[in-house]
Amino acid sequence: MKPLKAKELRKLTNDELIAKYNELKNKLFDLKIKKTFGQVEDTASIRIIKKDIARILTILNERGIRL
């Protein structure tokens with residue numbers, strides 16, 4: 001899995017960023033559940049998703065939007 005670039009995220013609208021945030025949060029939840037049962041092969045993807053979520057939240061915060 002490739003991390004998202006902040007430059008690409010800044011091009012998205014607020015609604016698109018919020019949708020992407022929700023998608024990544026759900027994906028992170030699923031990966032955490034799978035990890036507890038030992039079904040995740042690529043554990044590095046969890047770290048990448050966490051960083052992508054942080055990038056999105058930073059951009060939304062810069063725009064003055066709180067979730």
Any non-hydrogen side-chain atom of I33 less than 4.5 Å from a side-chain atom of Q39?
no
Do you know the tightest heavy-atom contact between I56 and L9?
CG1-CD1, 3.9 Å
To the nearest 0.5 Å, what is the distance between CD1 on I53 and CG on L28?
5.0 Å
Interatomic distance, K2 atom NZ to S45 atom OG [nearest 0.5 angstrom]:
16.0 Å
Report yes if some heavy atom in the side chain of K32 is under 4.5 Å from a heavy atom in the side chain of V40; otherwise report no.
no
Please answer: with hydrophobic residues joined when any side-chain heavy atoms are less than 4.5 Å apart, are F29 and L31 in the same cluster?
no
Is it true that D30 and K27 make a salt bridge, defined as a side-chain N closer than 4.0 Å to a carboxylate O?
no
Could you check if a side-chain atom of I48 sits within less than 4.5 angstrom of a side-chain atom of L4, using non-hydrogen atoms only?
no
Are F37 and I46 connected, step by step, through hydrophobic side chains (Ile, Leu, Val, Met, Phe, Trp, Tyr) whose heavy atoms are closer than 4.5 Å?
no
What are the two closest non-hydrogen atoms of R63 and T13, and how far apart are they?
NH1-C, 3.8 Å
Quick one: pull up CZ in R66 and CG in L57 and give me the separation to the nearest 0.5 Å.
10.0 Å
If we only count heavy atoms from C-beta on, is the D52 to R55 side-chain gap below 4.5 Å?
yes
In terms of heavy-atom contacts, does CD of E62 have more than 12 from other residues, nucleotides or ligands at under 6.0 Å?
yes
Distance from I59 atom CD1 to K11 atom NZ, nearest 0.5 Å?
12.0 Å
Working for side chain to side chain contact (heavy atoms under 4.5 Å, CB included), residues I49 and M1:
CA-CA 9 Å; I49 290 174; M1 178 174 200; 3.9 Å; yes
